[in-house]
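As structure tokens, the structure follows; a few thoughts come after it.
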Amino acid sequence: MSLLLLKRQANHGDTASLEKLGSIAKRSTDAYLDCLPSFIYHLSSSRLTTDSGHLDPIQSTQPHLLANIALSNIAQGASRTDWTTKSLQDALRKHWPQIWSSVSFLVDGYLKAFTSFESSRTMTPFQMSLHKTIGSLFSALTLPHRVADKILSTSGCVSCLLRLSWVQDLGSVDRPVTHDSSNWQSVIVALQSTQVSYSNQEWHQTLEDAFHWKTDRSFLLDVIGSFITCIQDGSCTRPAGLRTFTMVAAHFGMCIPSVKFQDESLCHRCIHWVMVGLRKIVSSLSPDEFIGSGLEAILCCCSTCLTYIVSMIESRFHLILIDALRNRLLQFMLQAIPFFFAPSSQASEVASDVHKPYFDIWDHIVRYATHWKLLKLLNHAIREIEKEGYELYLQNAPEHLKDYWTALKNTVIDRVRLRADFKDQVLQPCNWCHNPKPEKFYRCSGCLCDYYCSRECQKLSWKGHRAACQSLSAHKPFRILPFDAHDRLFANFIAQESIRLYQDEAATDERAYRAARSLSADLPLIHVHYLDAIPLRREIVTLDEARSSVAPEYSWDEFIAEQLSQSKELLFLVQLSGGPAKKYFCAFVV
């Protein structure tokens with residue numbers, strides 16, 4: 001039978017002819033592109049819409065059977081990893097709107113009822129086939145040189161895929177499908193890996209666009225509920241349950257950062273249960289008991305959870321770290337060392353996947369270590385670690401991690417000591433009576449910005465403070481709270497102390513630097529102190545280097561001209577990350 005006749009019969013609704021076209025399409029890229037229009041023909045809305053205007057989830061119609069076959073044929077060709085021609089990608093991108101439209105239509109009609117964690121309904125054979133087909137299709141479309149970017153940018157698509165990968169199979173009463181859902185797992189992994197090509201802001205915006213809080217809240221709560229169930233029933237501590245727990249954690253990590261945090265309690269609850277799960281894994285399991293795939297399952301699970309924490313920190317900054325430290329994050333970071341840095345772990349293919357978020361969290365801890373509340377929690381955690389013997393986990397750690405831990409401890413102890421000097425010298429007075437050294441400060445619980453020496457002063461100040469406070473507190477659930485006035489003053493105090501301790505050596509270091517690079521004596525040099533590095537890092541740079549790499553946004557020309565006119569000899573720049581953007585504190589010494 002000729003290909004033209006086969007296409008004609010397929011377009012007239014012959015299922016056997018459409019299946020034969022699928023077999024022909026697998027032969028080569030050219031054959032696939034030749035048959036693709038025939039597959040797309042069966043995905044048009046005019047053919048899918050039934051006469052009654054709605055779908056019968058029990059009795060599938062002939063157009064829907066044909067659409068399922070067409071989608072399966074598209075998936076078979078798109079899954080060929082050796083087909084990487086631009087013409088194939090262009091064709092899939094061209095037809096993507098129609099592919100997504102048909103998938104969305106069929107999912108709403110046949111599979112939507114199964115996307116709840118509590119769903120106990122039984123699938124018909126067609127529903128099972130459709131679910132498998134869509135899994136194969138998106139597993140293929142998220143491969144390199146396909147349309148992963150289109151999937152992420154299509155409103156509602158990510159949400160739909162996460163729901164479909166949540167569908168339970170017939171033999172599993174209380175768990176999402178994981179043991180035979182490799183296609184769906186590959187879809188989730190591919191979507192997560194696509195994050196690498198996005199900036200942090202673009203990625204979170206993409207996820208926010210994918211979810212609608214009012215309509216998806218029940219699903220997100222289902223994800224959280226199943227995550228908690230896996231922890232409470234011990235699934236995360238059994239080798240057979242680790243893969244299930246990892247799949248649930250992957251959903252958790254994809255869904256929750258997308259929420260715009262209208263519900264503050266949800267944000268805190270999520271961090272709590274992620275930390276409970278991580279601590280339960282490293283407390284209940286031993287790295288010596290696992291080799292090969294078993295150890296990789298542990299590392300993959302920890303990597304997924306740590307990546308989620310990093311994502312949350314980059315969304316909510318120091319607030320998330322405060323929550324995590326309250327849930328023994330620092331203890332976990334030490335207790336996980338035998339799992340992450342044992343010789344068998346280092347040889348694992350997924351070791352780098354867990355090392356990156358692990359060290360990212362260390363970097364974030366250091367970056368926000370000028371926030372007084374966070375410093376208090378770090379100091380308390382360090383005392384608990386020393387008391388409970390957690391430092392024994394460092395015995396087989398890499399040397400650079402041991403040095404890092406020692407430097408972090410010393411930095412926290414030094415800054416806690418500095419806090420006492422800060423309170424005596426710099427602390428701002430009460431907002432009402434201007435008492436310069438009250439015994440205790442009370443912070444306004446509405447705006448979280450103003451401080452008072454007593455509740456009486458706060459009441460007396462309310463009349464003038466009310467408008468500003470109500471304006472700020474009205475948006476409190478939706479905003480990221482900045483460092484307050486005390487934290488900003490304390491950061492400046494740390495910067496000034498760093499300069500004071502170094503100023504005796506600064507002139508000598510500058511002369512040596514000029515001599516080594518043959519620089520003239522009148523060329524301005526900048527001494528840079530990086531307070532968000534452990535241990536504290538200093539360097540001397542030229543004006544051009546400072547302008548290009550250290551602080552490009554700073555108005556260097558005008559500022560240096562002013563300082564030189566006042567005969568300032570040494571110029572210091574203290575760099576400190578203080579929130580969503582880097583803040584720079586400058587001080588000058590004659």
Side-chain angles (χ1 to χ4, degrees), residues 313-314 316-325 330 361-382 407-431 436-438 441 443-444 447-451 472 479-503 506 526-539 546 550-555 559 570-589:
I313 292 172
E314 291 173 350
R316 302 286 294 173
F317 312 113
H318 55 285
L319 301 182
I320 293 300
L321 268 178
I322 289 171
D323 277 340
L325 287 169
L330 211 58
I361 290 175
W362 279 118
D363 289 342
H364 283 302
I365 289 173
V366 172
R367 184 166 294 125
Y368 296 108
T370 59
H371 191 286
W372 174 234
K373 196 166 189 178
L374 194 141
L375 265 178
K376 286 196 296 185
L377 289 169
L378 282 173
N379 190 44
H380 176 75
I382 288 171
L408 176 64
K409 280 178 57 179
N410 293 336
T411 300
V412 170
I413 292 169
D414 288 344
R415 290 183 180 176
V416 170
R417 176 185 53 79
L418 279 176
R419 180 70 179 186
D421 297 336
F422 167 72
K423 290 177 70 174
D424 291 337
Q425 300 176 31
V426 182
L427 202 58
Q428 72 175 34
C430 169
N431 281 68
K437 292 184 179 181
F441 266 112
R443 183 162 69 166
C444 176
C447 65
L448 303 178
C449 293
D450 283 7
Y451 285 81
L472 287 170
R479 65 190 176 98
I480 307 297
L481 295 177
F483 284 176
D484 62 28
H486 284 192
D487 285 309
R488 289 192 294 272
L489 286 171
F490 185 46
N492 273 297
F493 186 75
I494 292 173
Q496 293 166 5
E497 182 68 10
S498 174
I499 293 172
R500 185 186 68 79
L501 294 173
Y502 176 67
Q503 61 182 328
I526 296 96
H527 299 254
V528 185
H529 293 210
Y530 296 94
L531 293 190
D532 53 1
I534 296 289
L536 176 67
R537 184 165 63 89
R538 303 183 183 95
E539 68 175 346
V550 178
E553 69 278 19
Y554 201 75
S555 302
F559 201 64
L570 294 176
L571 170 62
F572 287 86
L573 168 69
V574 180
Q575 180 182 358
L576 178 71
S577 297
K582 287 188 175 180
K583 298 179 180 179
Y584 301 92
F585 298 91
C586 295
F588 304 90
V589 182

Check the angle between the aromatic planes of F422 and F490 and answer parallel, tilted or perpendicular using the 30° and 60° thresholds. tilted
Taking only residues at least two apart or on different chains, which pairs with a member in residues 492-501 satisfy salt bridge (charged side-chain N to carboxylate O under 4.0 Å, His left out)? E497-R500
So how far is it from L377 CG to H371 NE2, rounded to the nearest 0.5 Å? 9.5 Å
If you take all heavy atoms of L378 and A369, which pair is closest and at what distance? CD1-CB, 4.4 Å
Roughly how far, to the nearest 0.5 Å, is CD1 of I382 from CG of L408? 5.5 Å
Distance col, row T370:OG1 vs L418:CG, nearest 0.5 angstrom, shows 12.0 Å
CD1 of I361 to CG of L321: how many Å apart, nearest 0.5 Å? 8.0 Å
Between S498 and I494 (side chain of the first, backbone of the second, donor and acceptor by atom type, cut-off under 3.5 Å), is there such a pair? no
Aromatic plane relationship, Y368 with H318 - under 30° parallel, 30 to 60° tilted, over 60° perpendicular: tilted
Smallest separation among heavy atoms of L330 and A381, with atom names: CD2-CB, 3.8 Å
Report the distance from atom NZ of K373 to atom CG of L325, rounding to the nearest 0.5 Å. 11.5 Å
What residues form a side chain to side chain contact (heavy atoms under 4.5 Å, CB included) with N379, not counting sequence neighbours? R383, V412, V416
Once rounded to the nearest 0.5 Å, what's the spacing between atom CG of L375 and atom CZ of R419? 8.5 Å
